[in-house]
Amino acid sequence: MSDFSRRLIAWQHKHGRHDLPWSGADPYRVWLSEIMLQQTQVATVVGYFERFLVRFPDIAALAAASQEDVLALWSGLGYYARARNLHRAARIVMEQYGGQFPRQPEQIQQLPGIGRSTAAAIAAFCFNARSPILDGNVKRVFARQFGMDGDPAARATEERMWQTAQALLPAAAAMPRYTQALMDLGATLCTRSRPRCDQCPVAASCVARAENRVAELPSPRARRVKPNKSARYLLAWRGDEVFLEIRPPAGIWGGLLVPPEIPPDAVAADWCRRELGLNVAFERELAPLRHVFTHFVLDMRALVCRVQGSANLAAEAHGRWVKAGQLAGAALPAPVRLLLDAALSSARRADSDIAE
DNA sequence: AAATCGTGGAA
DNA sequence: TTTCCAAGATT
């Protein structure tokens with residue numbers, strides 16, 4: 001075992017994180033936590049993790065659920081393909097592995113939504129497998145500790161880091177603590193800004209520190225300009241129900257419930273009658289909402305309308321009516337939830353104005 | 001191989 | 001306000 005690994009393991013024992021809800025848990029919980037933690041901070045995940053487990057306490061419960069119910073528990077967490085893949089994988093575990101989570105990293109990685117690093121993490125935590133992780137924490141730690149230049153996302157850089165990671169692995173029995181140590185070091189000491197090098201267990205061997213390059217490593221990722229998009233949504237209310245469509249599986253917000261999007265050049269009422277068979281009366285337009293994604297900016301506008309009449313069978317081929325009281329537990333993207341909340345609170349204000 | 005896929009926290 | 005990016009995977 002390397003000196004680097006030995007120091008990390010000892011440090012984790014004394015100063016690492018030991019109170020995370022998924023630490024030392026069964027494979028299902030470790031798996032769930034690893035998926036939720038992909039590109040997502042611990043503080044954001046904890047609440048989602050607890051709620052998800054209450055609703056789906058084991059793999060069998062998850063496999064038996066509908067995709068929409070799974071997405072509802074994921075609503076607001078983002079990267080919804082993670083939830084769809086998790087759900088698919090649960091069914092595979094039930095059917096192909098008899099409900100027992102596979103133990104080999106190669107088998108684990110075959111499951112949808114699980115790549116090399118996530119498979120390694122699960123295998124190391126749950127089965128002491130000697131498989132290395134390479135996440136954002138490890139890339140940052142390695143870039144500094146070993147003075148590794150280059151875009152951490154570039155293939156060449158990644159390949160060097162995978163080799164380094166493999167070479168540093170301790171004995172099997174130490175794999176859970178070592179894997180956790182790498183994550184803890186990156187998350188608590190070797191942070192992106194203002195790293196706490198004075199407390200670092202491997203500061204003495206750190207190349208970046210010796211060369212005074214801590215601030216410039218890892219190299220910043222190449223950034224691109226975000227295109228600006230805009231969308232107009234139809235919030236069609238029928239009593240206390242609003243009409244929502246299920247997004248296609250590919251693309252943004254796949255599988256989630258979203259109001260119909262009106263083409264930019266269409267007259268809302270005409271389009272609505274033609275496409276959905278709904279007769280609507282325009283009520284008001286909400287204040288525009290700007291939502292920033294990783295790769296584009298979306299300016300959202302929403303037209304609040306009221307449905308005239310009651311027979312709307314044509315609409316139900318495209319989507320569903322959802323009661324206002326059901327929205328809290330529905331599979332909505334975060335900005336759509338904001339829009340619907342805004343529509344409801346402005347409606348309440350209008351009602352109280354009338355009452356006065 | 002480069003693009004796509006969310007959201008919110010931190011500086 | 002802007003910028004960066006977090007326990008990455010998929011195509």
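Note on naming: letters A, B, ... go to the chains in the order of the sequence lines (proteins, then strands), and numbering restarts at 1 for each one.
The interatomic distance linking A:R17 (CZ) with C:dA7 (C1') rounds to 8 Å, in whole Å. Atom P of nucleotide B:dC5 and atom CE of A:M36 are separated by 21 Å, given to the nearest angstrom. Straight-line distance from the CZ atom of A:R223 to the C1' atom of C:dC5: 13 Å, rounded to whole Å. Spacing between atom NZ of A:K226 and atom P of C:dC4 amounts to 9 Å, rounded to whole angstrom units.
A continuous path of Ile, Leu, Val, Met, Phe, Trp and Tyr side chains, each step under 4.5 Å between heavy atoms, connects A:L32 with A:L71, placing both in one hydrophobic cluster. The hydrophobic clustering, which links ILVMFWY residues whose side-chain heavy atoms are closer than 4.5 Å, places A:V297 and A:W253 apart.
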Tabulate atom names and distances for all N/O pairs under 3.5 angstrom spanning the protein and nucleotides 1-4 of chain B.
residue, atom, partner, partner atom, Å
B:dA3, OP2, A:R224, NH1, 3.2

With 3.5 Å as the limit, what N/O pairs link the protein to nucleotides 9-11 of chain C?
residue, atom, partner, partner atom, Å
C:dA9, OP1, A:G115, N, 2.9
C:dA9, OP1, A:G115, O, 3.4
C:dA9, OP1, A:T118, N, 3.0
C:dA9, OP1, A:T118, OG1, 2.7
C:dT10, OP1, A:G113, N, 2.5

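Taking atom P on both B:dG6 and C:dT11, the two are 14 Å apart, rounded to the nearest angstrom. For the P atom pair drawn from C:dA7 and B:dA3, the interatomic distance equals 24 Å after rounding to whole Å.
Residue pairs meeting the side chain to side chain donor-acceptor pair (under 3.5 Å) criterion with at least one partner in residues 104-122 of chain A, sequence neighbours excluded, are A:Q38-A:T118.
Here A:Q39 reaches the OP1 or OP2 of C:dG8: one of its side-chain N or O atoms lies under 4.0 Å away. OP1 and OP2 of B:dG6 both lie 4.0 Å or more from every side-chain N or O belonging to A:H291. Contact annotation: A:Y80 reaches the phosphate of B:dT7 (side-chain N/O to OP1 or OP2, under 4.0 Å). For A:R192, no side-chain nitrogen or oxygen approaches OP1 or OP2 of C:dA6 to under 4.0 Å. An OP1 or OP2 oxygen of C:dA6 is reached within less than 4.0 angstrom by no side-chain nitrogen or oxygen of A:R82.
The number of heavy-atom neighbours closer than 6.0 Å to NZ of A:K323, taken from other residues, nucleotides and ligands shown, is 12 or below.
Across all non-hydrogen atoms, the minimal contact from A:C190 to A:R144 is SG-NH1, 3.3 Å.
A heavy atom closer than 4.0 Å to some atom of DNA chain C occurs in A:Q180, A:M183, these being the qualifying members of residues 164-184 of chain A.
Each of A:G78 and A:S193 has a nearest nucleotide on DNA chain B; the 5'-most of these lies closest to A:G78.
At the heavy-atom level, A:G254 lies nowhere under 4.0 Å from the strands shown. Within the 4.0 angstrom heavy-atom criterion, no nucleotide atom of any strand lies near A:L32. A:A121 comes within 4.0 angstrom of no nucleic acid atom, judged by non-hydrogen atoms across all strands. A:W31 comes within contact range of no nucleotide atom at all, as no heavy-atom separation falls under 4.0 Å.
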| query | Could you walk me through whether A:S205 and A:R7 pass the side-chain hydrogen bond (donor to acceptor under 3.5 Å, both in side chains) check? | reply | CA-CA 11 Å; A:S205 52; A:R7 289 179 188 276; 5.7 Å; no
| request: Mind running side-chain contact (heavy atoms from CB on, under 4.5 Å) on A:L340 and A:Y233 for me, showing each step along the way? | output: CA-CA 11 Å; A:L340 291 170; A:Y233 296 96; over 6 Å; no
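Counting distance only, with no hydrogens placed and no angle test, the side-chain atoms of A:T40 and the base atoms of B:dG6 include a donor-acceptor pair under 3.5 Å.
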Validation: residues 146-154 of chain A side-chain donor-acceptor distances under 3.5 Å, sequence neighbours left out:
residue, atom, partner, partner atom, Å
A:D149, OD1, A:R213, NH2, 2.5
A:D149, OD2, A:R213, NH2, 3.4
A:D151, OD1, A:A153, N, 2.9

Identify all side-chain donor-acceptor contacts of residues 84-91 of chain A below 3.5 Å with residues at least two apart in sequence or on another chain.
residue, atom, partner, partner atom, Å
A:R84, NH1, A:G254, O, 2.8
A:R84, NH2, A:P249, O, 3.0
A:N85, OD1, A:R88, NH2, 3.0
A:N85, ND2, A:A81, O, 3.2
A:H87, NE2, A:A65, O, 2.9
A:H87, NE2, A:R91, NH2, 3.4
A:R91, NE, A:A63, O, 2.8
A:R91, NH2, A:A63, O, 3.4
A:R91, NH2, A:A65, O, 2.8

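Checking C:dA7, C:dA6, B:dG6 against every side-chain atom of A:V42, the shortest atom distance belongs to C:dA7.
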